[in-house]
Amino acid sequence: MEQEILSLRQELIAAIEGADTVAALETVRVSALGKNGRITALMKTLGALTPQERKTAGQALNTFKTDIAAFLDEKKATLETRELNARLHAESVDVTLPIRPQNTPGRIHPVTQVTEEMLTIFAQMGFDVAEGPDIEDDYHNFEALNIPASHPARQMQATFFLKDQPDKMLRTQTSGVQIRTMENKKPPIKIVAPGRTYRRDYDMTHTPMFHQIEGLVIDKKTTLAHLKGTLIEFMKLFFETNDVALRFRPSYFPFTEPSFEADVGCSRENGEFKIKSGAGWCELLGCGMVHPNVLRTCGLDPDEYQGFAFGCGIDRFAMLKYGIPDLRSFFDADMRWIRHYGFLPTDVPTLINGLSQTAGAKR
Ligand code: DAH
């Protein structure tokens, strides 16, 4: 028996050392310790020995068996580590390598890009970004904005109400975020609030879902001059030209007094739209000084605080800046359209590099 163990030991150790995969090692294990394995077979011969012989042989066999099991485990761990390392190496991706945007089909939607452009500008001017819910209640969408139930302004906005909750609706404007902001924060307030808005409308320049950005500045001495300065500076940076003229026409919004619509100087020569002064005018946004009723509703004393607000369509700014003719096409999810009008993921707008400098060239 002793001799048999010794030669089998050498044989098995050589086999274990020679196994170069986990699968090959498993074959060795089964051939030694499996149900029909060599060591198992030796164990079975113990029965035929005398009790004295069985004792010594049994002990020797057990030690042998434990040793081989330990060798197997040790080798298995080594092989597994090696195989894992090889796999990690083969499947590794160097995330620090630059991407090849030309080869990736994904594009950033113009609405996303333009929203980023706008936020980049406002952030640099010191505005915080605020958000509100798409499903809004009557109070924030209308009531607190000085639009009571009987007010004709409610008819101006064809609202999607929720079926089972008559008080809830898809917000028709981002102006409700003004209320939510003033409810939660004391002045000075300086926020912009981009987001989706919804109205029952559908033609070349209207879709049931569209995007607005709202601005709100409240402090003790904020005036119409600040509103005008902010908007002019914004237009220059956004349209990337200094030749910007703004015109304020008296208008009406229930939540501002006085209210204005702002137009920007533009030309349409040879079908090409251009921001420039001295030619025509293009309607851009609504704005005004926040109505005392709105301030009062939000717990602010209009004799102490005042400020301005503005709101405009992000999609409209995208159409103007990038010459996109039909708003409906924005939301068709047509790959050809997004490849043509979309932006490369690397075209992150920054004021230093120029908001659309790289975008236009590589699109
Ligand atoms: N909420 C208005 C709309 O959807 C736009 C607007 C006008 C927002 C004047 C304002 C504002 O903040 O002061 O038509």
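The residues of the chain are indexed from 1 along the displayed sequence. Atoms within a ligand are numbered from 1 in the order they appear, just like the ligands themselves.
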Pair Tyr322-Tyr341, ring-ring contact (aromatic ring centres under 6.0 Å, His included): steps then yes or no: CA-CA 8 Å; Tyr322 292 111; Tyr341 287 112; 9.0 Å; no
message: Between Phe122 and Phe310, does the ring-ring contact (aromatic ring centres under 6.0 Å, His included) criterion hold? Intermediate values first, please.
response: CA-CA 13 Å; Phe122 284 120; Phe310 58 88; 5.7 Å; yes
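Within the structure, ligand 1 has Phe255 among the residues with a heavy atom less than 4.0 angstrom away. Distances shorter than 4.0 angstrom do not occur between any heavy atom of Glu257 and any atom of ligand 1.
Under 4.0 Å from ligand 1, heavy atoms of Ala309 appear from its side chain as well as its backbone.
Using a cut-off of 4.0 Å between Lys/Arg side-chain N and Asp/Glu carboxylate O, Asp219 and Lys186 are scored as not salt-bridged. The pair Arg38-Glu11 meets the salt-bridge criterion, since a charged nitrogen lies less than 4.0 angstrom from a carboxylate oxygen.
Proximity annotation for atom 8 (C) of ligand 1: of Gly176, Ala193, Gly311, Gly311 comes nearest, heavy atoms only. For the residues Glu214, Arg199, Arg171, the heavy atom positioned nearest atom 3 (C) of ligand 1 is part of Arg199.
Interface of Gly286 with ligand 1, defined as ligand atoms under 4.0 Å from a residue heavy atom, comprises 7 (C), 9 (C), 11 (C). For ligand 1 and Gln178, the ligand atoms under 4.0 Å from any heavy atom of the residue are 12 (O). Which parts of ligand 1 touch Thr256 is read off a 4.0 Å heavy-atom cut-off, strictly below it: atoms 13 (O). Close contacts between ligand 1 and Ser175 involve ligand atoms 1 (N), 8 (C) [criterion: under 4.0 Å to a heavy atom]. Per-residue contacts place Phe253 under 4.0 angstrom from the following atoms of ligand 1 (heavy atoms of the residue considered): 7 (C), 9 (C). Atom numbering of ligand 1 starts at 1 in the shown order; those under 4.0 Å from a heavy atom of Gly288 are 13 (O).
Side-chain contact of Thr222 with Gln306: a donor-acceptor pair under 3.5 Å is absent, judged by distance alone.
Considering backbone and side-chain N/O atoms, Thr172 never comes within less than 3.5 Å of an N/O atom of ligand 1.
A distance-only check finds a donor-acceptor pair linking the side chain of Thr21 to the backbone of Ala24 [under 3.5 Å].
With Thr50 as reference, Glu53 is the one residue of Glu53, Gln52, Arg54 to meet the side chain to side chain donor-acceptor pair (under 3.5 Å) rule.
Figure legend: cation-pi geometry between Lys321 and Phe238, with NZ or CZ positioned under 6.0 Å from the six-membered ring centre and within 45° of its axis.
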